[in-house]
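Along the sequence shown, the residues carry numbers beginning at 1.
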Amino acid sequence: MGLILSAWLSGRAADSVPSSSAVFLPLAVPTSSRLALTLSSSAVSPADRRSRWSSHHRSPHFQLSPCKQQATRLPAELSSDGVRAEVGVESGLHVWEVTWSPEHRGSHAVIGISRQDCPLQDLGYKVLVGGDSLSWGWELKSNQLWHGGKTLVCYPRERRRLHSQAAEAFRSKSPNSLHRHETETPLLIPERVQLVLDADAGTLGFAVEGSFLGVAFRDLPSGVELFPAVSSVRGGARIELRYLNGTTRNPPALMALCGLSVLQNIGQQRQNQVDQLPLPPLLHHYLLSCF
């Protein structure tokens, strides 16, 4: 059966289409099998409590929808406002999706995580998530990482390496450009961004359009609750939260890893052909229901 399946996949490799856009695919970094499986697994029910914004831990300028999955910043001058999730985590690997239209971000549009007592309202226009030692944030317009009230580096880091290589190659071909200053235009981050929090390893990263962009923050505090959080200064900004999936620190099951390997070889664009694989019906059902 393994040889038949291998031949089926190889015979259709030419039809494979990358699952990520051309912009973010070169920026993707390798992932562990644990993370790859979590990102590929079916999302939990939208009614999960981990998909809700907190009605108590929010700026008064954020209004929640009845289901608490959408937070809307009301118009307010000279105010920076934040909101965090209703439920935090202390352990495990967890993935949330934040939906925030680029047209409704404005400046100081930040997503990240916070501890329970992170400030969620302040005067003026500033970064809140990442604006103190209790939170860690990614400012989407400038691509800058924030923590402790300071900008750290531009994220994703892989883009800095690729940009440096391209600039060096350009300078080597154009000697007259040695004194020119090449500026790096921030990436336009799309509407949906996944927060990838590994509370066991103490890391936070982000995934965009199927590409994991690498670890953004390390050495996060252990044994404390960490919550997805956002901050905004844009009136009318609507931000949705959805908990997708999570796992414990235990190694993934062998059956799940085999299923992941099959789907990775098929490619996202051909996953509607799973029922055509030369596999028993029971395995068809497993692949269709778990991924």
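Residue L187 comes nearest to P156 through the heavy atom pair CD1-CD, 4.0 Å, listed as atom of the first residue, atom of the second, then distance. Annotation for L78 and Y125: closest pair N-OH, 2.9 Å, computed over non-hydrogen atoms. Shortest non-hydrogen contact noted between L204 and G112 is CD2-CA, 4.5 Å. Minimum heavy-atom separation, K141 to P186: O-CB, 3.3 Å. Shortest non-hydrogen contact noted between P119 and D132 is CD-OD2, 2.7 Å. Summarising the geometry of D81 relative to H61, their closest heavy-atom pair is OD1-ND1, 2.9 Å, with the distance given to 0.1 Å.
Residue D48 holds its CG atom at 10.5 Å from CG of L244, rounded to the nearest 0.5 Å. Here the OG1 atom belonging to T72 is positioned 6.5 Å from the CZ atom belonging to R238, to the nearest 0.5 angstrom. Put simply, CD1 on I189 and CD on E139 are 10.0 Å apart, with the number rounded to the nearest 0.5 Å. Separating the CG atom in L120 from the OG atom in S54 is a distance of 8.5 Å, to the nearest 0.5 Å. How far CG of D198 is from CG of L93: 5.0 Å, rounded to the nearest 0.5 Å. Atom-to-atom distance recorded for R73:CZ and S232:OG is 5.5 Å, nearest 0.5 angstrom.
Annotation: side chain of Q121 is in contact with side chain of S79 (closest heavy-atom distance under 4.5 Å). Residues P221 and L226 form a side-chain contact, since some pair of their non-hydrogen atoms from C-beta on lies under 4.5 Å apart. The shortest side-chain heavy-atom distance between T247 and R34 falls under the 4.5 Å cut-off. With contacts defined as side-chain heavy-atom distances shorter than 4.5 Å, the pair P102/L188 qualifies. Side-chain contact between Q144 and C154 is present, with heavy atoms from C-beta onward closer than 4.5 Å. Annotation: side chain of P46 is in contact with side chain of Q69 (closest heavy-atom distance under 4.5 Å).
Linking Ile, Leu, Val, Met, Phe, Trp and Tyr residues whenever their side-chain heavy atoms come within less than 4.5 Å places I111 and W136 in a single cluster. Note on I239: it does not cluster hydrophobically with V95, by side-chain heavy-atom contacts below 4.5 Å among ILVMFWY residues. One hydrophobic cluster holds both V83 and V89 under the rule that ILVMFWY side chains link at heavy-atom gaps under 4.5 Å. Placement of L64 and W96 within a single hydrophobic cluster is found when ILVMFWY residues are connected by side-chain heavy-atom separations under 4.5 Å, directly or transitively. Placement of W100 and V110 in two distinct hydrophobic clusters is found when ILVMFWY residues are connected by side-chain heavy-atom separations under 4.5 Å, directly or transitively.
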message = Go through it in stages, so that I can follow the logic: the residues are V208 and L27, the test is side-chain contact (heavy atoms from CB on, under 4.5 Å), and I'd like the CA-CA distance, side-chain angles, deciding distance and then a yes or no.
response = CA-CA 10 Å; V208 174; L27 305 177; over 6 Å; no
key: side-chain contact (heavy atoms from CB on, under 4.5 Å) between S80 and V233, intermediate numbers included   = CA-CA 5 Å; S80 298; V233 300; 3.5 Å; yes
task = Check the pair L128 / V230 against side-chain contact (heavy atoms from CB on, under 4.5 Å), numbers first and verdict last.
result = CA-CA 8 Å; L128 284 185; V230 298; over 6 Å; no
task = Could you walk me through whether E240 and Q70 pass the side-chain contact (heavy atoms from CB on, under 4.5 Å) test, one step at a time?
result = CA-CA 4 Å; E240 296 180 10; Q70 183 181 88; 3.2 Å; yes
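A donor-acceptor pair under 3.5 Å links the side-chain atoms of D200 to the main chain of G92, judged by distance alone. In this structure a side-chain-to-backbone donor-acceptor pair under 3.5 Å is missing from R50 to A85. S211 places no side-chain N or O within 3.5 Å of a backbone atom of L213 that could act as its donor or acceptor partner. Under a 3.5 Å cut-off, the side chain of D219 and the backbone N or O of G202 do not form any donor-acceptor pair. Remark: the backbone N or O of K68 is not paired with any side-chain donor or acceptor of E86 at under 3.5 angstrom. For R58 (side chain) and S55 (main-chain N/O), a donor-acceptor pair under 3.5 Å exists by modelled atom type. A donor-acceptor pair under 3.5 Å links the side-chain atoms of H147 to the main chain of S135, judged by distance alone. Under the 3.5 Å distance criterion, the side-chain polar atoms of R105 are left unmatched by any main-chain donor or acceptor of A109. Although no hydrogens or angles enter the test, the distance criterion places a donor-acceptor pair under 3.5 Å between the side chain of Y155 and the main chain of G214. No donor-acceptor pair under 3.5 Å is formed between the side chain of S51 and the backbone N or O of A47.
The 12-atom threshold is not exceeded at CZ of R115, counting heavy atoms of other residues, nucleotides or ligands nearer than 6.0 Å.
Between the side chains of R218 and T203, no donor N or O sits under 3.5 Å from an acceptor N or O.
In this pair, W138 and F206 present their aromatic rings tilted. The plane angle is within the 30 to 60° band.
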